[in-house]
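Working notes for the structure below.
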Amino acid sequence: MIERARPFVLAASALTVVTLLSGCVGPAALTPDSPASEESFAQAKAANLEFKAAVAEVQGQIYAGEWRVEEYGDIPNVCDDGYQFSLQRRLPTEFSFHDRGPATMEQLRSWLTENGWQVEPARSYGPSVTDISIEARNLGAGVALLGVDLSPGFAAELSADVLELRATSTCHSGDSAALLDQLRGPLTAGPDDDGIPDLESPDATPLFERFAEG
């Protein structure tokens with residue numbers, strides 16, 4: 001014969017049912033999902049490498065040598081649905097296209113259009129402005145926005161060309177804070193960013209776990 005359950009047993013059972021229905025089980029329900037799981041970290045790494053490979057291909061159309069690193073591009077930043085990456089590069093100091101800067105930008109615009117990028121219409125400036133800007137996106141390659149800005153120099157005046165490239169990835173679902181913890185360890189007041197290279201060529205192997213790799 002089954003013994004009648006005592007009231008406190010029924011109450012505990014009811015609590016268990018409610019907990020199961022809510023999708024949480026025991027004390028683990030109170031523990032945040034941190035650090036990132038191996039799967040989510042692997043997904044973030046793959047997304048980062050896809051993004052950087054697409055941008056590196058664009059860089060190679062402009063200049064195959066080493067670029068100055070302003071923002072490396074491996075840190076997950078918060079976006080509407082989770083996290084995204086951004087990077088920024090500049091051509092070497094005193095670099096010169098030898099008056100071929102505008103032609104290079106026109107060739108880049110054509111290359112982007114022919115290789116799956118959605119290119120925004122060219123900006124129009126006054127006749128005294130020589131700066132040239134290109135904005136494009138390639139969502140299929142994980143690039144939400146690419147911007148290339150050139151302030152052309154003049155060889156006769158021995159003035160350098162100044163070109164900056166910046167890019168932002170598409171937004172990926174996930175916990176940016178948990179991924180950041182996995183990338184660089186517990187947050188400190190002054191994170192050590194010594195792993196960032198000062199110069200990097202487009203064909204260099206991108207780093208993601210740079211703090212762990214040393």
Side-chain angles (χ1 to χ4, degrees), residues 31-93 95 108 111-112 115-119 134-149 163-214:
T31 303
D33 295 331
S34 180
S37 68
E38 290 184 9
E39 181 181 3
S40 61
F41 189 79
Q43 290 171 347
K45 182 174 182 177
N48 182 264
L49 296 181
E50 178 187 43
F51 163 64
K52 294 184 77 175
V55 176
E57 190 175 12
V58 176
Q59 289 179 255
Q61 302 302 313
I62 302 170
Y63 176 62
E66 293 187 321
W67 294 58
R68 289 185 289 153
V69 175
E70 301 294 327
E71 182 180 4
Y72 190 71
D74 65 338
I75 299 300
N77 300 308
V78 177
C79 59
D80 291 340
D81 298 323
Y83 65 90
Q84 63 184 177
F85 303 102
S86 60
L87 62 77
Q88 186 177 0
R89 303 286 188 270
R90 291 177 182 267
L91 286 178
T93 305
F95 178 88
L108 177 63
W111 182 89
L112 290 168
N115 285 272
W117 291 76
Q118 180 183 342
V119 183
I134 295 176
E135 287 191 355
R137 55 185 43 81
N138 188 339
L139 302 183
V143 184
L145 181 63
L146 170 80
V148 184
D149 299 316
L163 186 144
E164 178 183 273
L165 179 148
R166 62 197 184 283
T168 304
S169 78
T170 50
C171 194
H172 301 274
S173 297
D175 187 335
S176 62
L179 289 169
L180 185 59
D181 283 345
Q182 194 96 336
L183 268 171
R184 66 191 338 176
L187 183 64
T188 59
D192 183 4
D193 281 355
D194 289 343
I196 299 176
D198 295 325
L199 299 169
E200 187 180 69
S201 61
D203 61 354
T205 301
L207 301 176
F208 187 64
E209 301 164 87
R210 57 185 171 83
F211 290 94
E213 293 167 357

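All residue numbers in this chain count up from 1 along the given sequence. Only heavy atoms go into these numbers, but all of them, side chains included; no hydrogens, no water, no symmetry mates.
Between the side chains of S86 and E71, at least one donor N or O lies within less than 3.5 Å of an accepting N or O.
Partners of D149 by salt bridge (charged side-chain N to carboxylate O under 4.0 Å, His left out), not counting sequence neighbours, listed by chain and number: R166.
Note: D203 CG to E66 CD = 9.5 Å, rounded to the nearest 0.5 Å. Rounding to the nearest 0.5 angstrom, the gap separating the CG atom in L108 from the CG atom in N115 is 10.0 Å. Note that CG of L183 and CG of L207 are 11.0 Å apart. Values are rounded to the nearest 0.5 Å. Note that the NE2 atom of H172 and the OG atom of S40 stand 13.0 Å from one another [nearest 0.5 Å].
R90 is not listed as a side-chain neighbour of F95, based on a closest heavy-atom distance of 4.5 Å or more. Contact annotation: the side chain of V143 approaches that of W117 to within less than 4.5 Å [non-hydrogen atoms, C-beta and beyond]. Looking at L163 and Y63, their side chains never come closer than 4.5 Å, going by heavy atoms from C-beta outward. With contacts defined as side-chain heavy-atom distances shorter than 4.5 Å, the pair L199/R68 qualifies. At a threshold of 4.5 Å between non-hydrogen side-chain atoms, the residues F51 and T170 do not count as touching. Side-chain contact between L112 and L146: present, with at least one pair of heavy atoms (C-beta onward) separated by less than 4.5 Å.
Using cut-offs of 30° and 60° on the angle between ring planes, the pair F208 and F85 is perpendicular.
Here the rule is side-chain contact (heavy atoms from CB on, under 4.5 Å) with S176, and of I75, V78, N77 only V78 fits it.
Nearest heavy atom pair, residue A177 against residue D175, reads N-OD1, 3.0 Å. For G82 against C171, the heavy-atom pair with the smallest separation is N-SG, 3.7 Å. When all heavy atoms of G65 and P202 are compared, the closest pair comes out as O-CD, 3.2 Å. Taking all atoms of both residues into account, the shortest heavy-atom contact from Y83 to S173 is CE2-O, 3.4 Å. Of all the heavy atoms in L87 and R89, the pair that sits closest is CB-NH1, 3.8 Å.
A donor-acceptor pair is defined here as one N or O able to donate and one able to accept, closer than 3.5 Å; such a pair exists between the side chain of N48 and the backbone of G73. At least one donor-acceptor pair closer than 3.5 Å links the side chain of Q84 to the backbone N or O of S169.
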